[in-house]
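Just so it is clear: chains get the letters A, B, ... in the order the sequence lines come, proteins before strands, and each one is counted from 1.
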Amino acid sequence: MTDIFDELQWRGLVAQSTDEAALREALAEGPLTLYCGFDPTAPSLHFGNLVQLVVLRHFQRAGHRVICLVGGSTGLIGDPRPTSERVLKTKEQTADWVARIQEQVRPFLDFEGDNAALLVNNLDWTAPISALDFLRDIGKHFRVNHMVRKEAVAARLESEQGISYTEFSYQILQALDFLELYRAHGCTLQTGGADQWGNLTAGVDLVHRVEGASVHCFTTPLLTDAAGTKFGKSEGNAVWLGADMTSPYAFYQYWINVEDASVVKLLKVFTDRTPEEIAAAEEQVAQEPFRRTAQRILAADVTTLVHGAEATAAVQAASEALFGRGDLTALDPATLGDATAELPGADLEVGTSLVDALVATGLVDSRNAARRTIGEGGASLNNVKLTDPEQALGEHDFLAGQVAVLKRGRRNLAAARKA
RNA sequence: GGCAGGUUGUCCGAGCGGCCAAUGGAAACGGACUGUAAAUCCGUCGCGAGAGCUACGAAGGUUCGAAUCCUUCACCUGCCA
């Protein structure tokens, strides 16, 4: 599959695009320059951003010039959400997050060599513009009539709390980026998530008005599971790319647990597997679902992409040891230590009640919940179901004298390390 | 500016002086089952071992007793200026 656009479509990475024929032609003519922006709304990128990073990666490999933008200015304003106004973050915090995200993005693209990706910050060209110049030079090109049609803005205009002028201006600020990158680097394509369509086209329009040039954009689809729920949440928490926010173990487990009905779709999106490999995986889901081969490939590939091969090997070994059929007490101390090192946990004294241990390790939210879980038969210690809420951690419960494995339900594990 | 209505647990949404930690639905979690999948059925779903404590926009008040009544404040909605 040589055509990049064909490949992206086959992978399910294209939702909506400006004139597809023109875009295909532009891509076929030779390397073009494209960009995708990431706003610093948190100290780490997350699942949704990973889709964009994967897209950029495909483009760079296909020989196109990739610009990765971190939104030092747009992050100060905030893209309006359809539901409610954002609370402004301080400039210091935003700058800190920009720095973190700039680092986080590095492994996904090649920033060295002939076709090095470019890392830019829109604050560099936005900060120097005066309010008056902004209104005269940029604002004049935007019709409010058109701006209010944008989905998130329209929703907010309908909502009880309305929308601040600050957030209303967001799309102009983002459009300005496209113009700037077009001028400075000949950038003619912007990509983004499905919810960014309005912002992307605002940029396309601005470049067209000011420079008379036709540029392009396309969005990736919102990824949902069979029930139509967004992917990227685990136990109600976002799946982050930062190891300090979502541990590599938790990250790997997230992918391992993907439902059968979605695993093929996610393999296409997030891995570099070929159509043949994916067809084989699909076949295995159908024929031998209990082996979870597709999920294992998905989890391994994506974890390697985000955390590296070494981390993947570690969490695979841990998962194997902890979820394997083998008796936990039979594990050798080294394997046990490595496996449990990946788990969330707590340092606990001999004699700590299991109720307290379940709370301390974060497996449940409260002592009540712990008792409930034990009462429901949903908790186990070293793979032995707990029945007595009053039971306490005994000396012999610490396997190899160091760690006890607590489990809630089928798949939530934690380590109680001997203090 | 005037008048009327609203603000309930993660979300939606009942309750309108005691039987209300608060009906119902969704989400979520656990069990039964396989496969660390889905579907289905059952259960759980503020904190606390318990007594009890904290919760129904905020602050006061009435009452033996308030999510429910009164006052003030904030925000929203509708009608009239």
If only side-chain N and O atoms of [X] are considered, is one of them under 4.0 Å from the OP1 or OP2 phosphate oxygen of [N]?
X: A:Asn257; N: B:U36; answer: no
X: A:Asn412; N: B:G30; answer: yes
X: A:Arg408; N: B:G30; answer: yes
X: A:Arg371; N: B:G48; answer: no
X: A:Lys385; N: B:A32; answer: yes
X: A:Thr373; N: B:G30; answer: no

NA contact type, [X], heavy-atom cut-off 4.0 Å: base, sugar-phosphate, or nothing?
X: A:Arg410; value: sugar-phosphate
X: A:Ser319; value: base
X: A:Glu390; value: nothing

[X] [atom1] to [N] [atom2]: how many Å, rounded?
X: A:Gln391; N: B:A49; atom1: CD; atom2: C1'; value: 17 Å
X: A:Tyr249; N: B:U36; atom1: OH; atom2: P; value: 12 Å
X: A:Lys233; N: B:C11; atom1: NZ; atom2: C1'; value: 14 Å
X: A:Asn368; N: B:G30; atom1: CG; atom2: P; value: 17 Å
X: A:Arg372; N: B:C42; atom1: CZ; atom2: P; value: 20 Å
X: A:Lys265; N: B:A38; atom1: NZ; atom2: P; value: 15 Å
X: A:Arg411; N: B:C33; atom1: CZ; atom2: P; value: 17 Å
X: A:Gln316; N: B:U36; atom1: CD; atom2: P; value: 16 Å

If I pick the [atom1] atom on [M] and the same atom on [N], what distance separates them, to the nearest angstrom?
N: B:A14; M: B:G25; atom1: P; answer: 15 Å
N: B:C79; M: B:G13; atom1: C1'; answer: 26 Å
N: B:U34; M: B:G48; atom1: P; answer: 33 Å
N: B:G17; M: B:C70; atom1: P; answer: 11 Å
N: B:U36; M: B:G31; atom1: P; answer: 13 Å
N: B:G46; M: B:G9; atom1: P; answer: 13 Å
N: B:A39; M: B:C20; atom1: P; answer: 34 Å
N: B:A66; M: B:G57; atom1: P; answer: 15 Å

field: Identified side chain to side chain contact (heavy atoms under 4.5 Å, CB included) counterpart of A:Phe108 within the set A:Val54, A:Val66, A:Leu50
entry: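 Single pass found, and it is A:Leu50.
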
task: Scan A:Thr220, A:Leu13, A:Thr219, A:Leu45 and name whichever one has a side chain to side chain contact (heavy atoms under 4.5 Å, CB included) with A:Gln52.
output: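 Output: one option passes, namely A:Thr220.
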
task: Mind checking which stems touch RNA chain B? I mean at least 3 consecutive Watson-Crick or G-U pairs, both distances under 3.5 Å.
output: B:1-7 with B:74-80, B:10-12 with B:24-26, B:28-32 with B:40-44, B:57-61 with B:69-73

Qualifying residue for ring pair (Phe, Tyr, Trp, His ring centres under 6.0 Å) with A:Phe47, from A:Phe251, A:Phe270, A:Trp240: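 Among A:Phe251, A:Phe270, A:Trp240, the one meeting ring pair (Phe, Tyr, Trp, His ring centres under 6.0 Å) with A:Phe47 is A:Phe270.
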
message: Using salt bridge (Lys or Arg N to Asp or Glu O under 4.0 Å), reason through A:Asp110 and A:Arg61 one step at a time and then give a plain yes or no.
response: CA-CA 9 Å; A:Asp110 189 357; A:Arg61 288 179 168 181; over 6 Å; no

message: Looking only at side-chain N and O atoms, does A:Gln196 offer a donor or acceptor that is under 3.5 Å from a partner on A:Asn199?
response: yes

message: Go through it in stages, so that I can follow the logic: the residues are A:Asp347 and A:Lys418, the test is salt bridge (Lys or Arg N to Asp or Glu O under 4.0 Å), and I'd like the CA-CA distance, side-chain angles, deciding distance and then a yes or no.
response: CA-CA 6 Å; A:Asp347 296 328; A:Lys418 195 166 156 188; over 6 Å; no

- prompt: Quick one: does A:Asp260 reach the base of B:G35 with a side-chain donor-acceptor pair under 3.5 Å?
  reply: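 Donor-acceptor pair under 3.5 Å: yes.
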
query: Between the base of B:U44 and the side chain of A:Glu376, is there a donor-acceptor distance below 3.5 Å?
result: no

- request: With RNA chain B as reference, determine whether A:Gln295 or A:Val355 sits nearer its 5' end, using the nearest nucleotide of each.
  value: A:Gln295

task: May I ask you to say whether A:Asp79 pairs ionically with A:Lys150, meaning some side-chain N is under 4.0 Å from a carboxylate O?
output: yes

- prompt: Is any NZ, NE, NH1 or NH2 atom of the basic residue among A:Arg106 and A:Glu103 found under 4.0 Å from an Asp or Glu carboxylate oxygen of the other?
  reply: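 Salt bridge: yes.
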
task: Working to the nearest 0.5 Å, report the span between CH2 of A:Trp97 and OG of A:Ser44.
output: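 A:Trp97 CH2 to A:Ser44 OG: 10.5 Å, rounded to 0.5 Å.
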
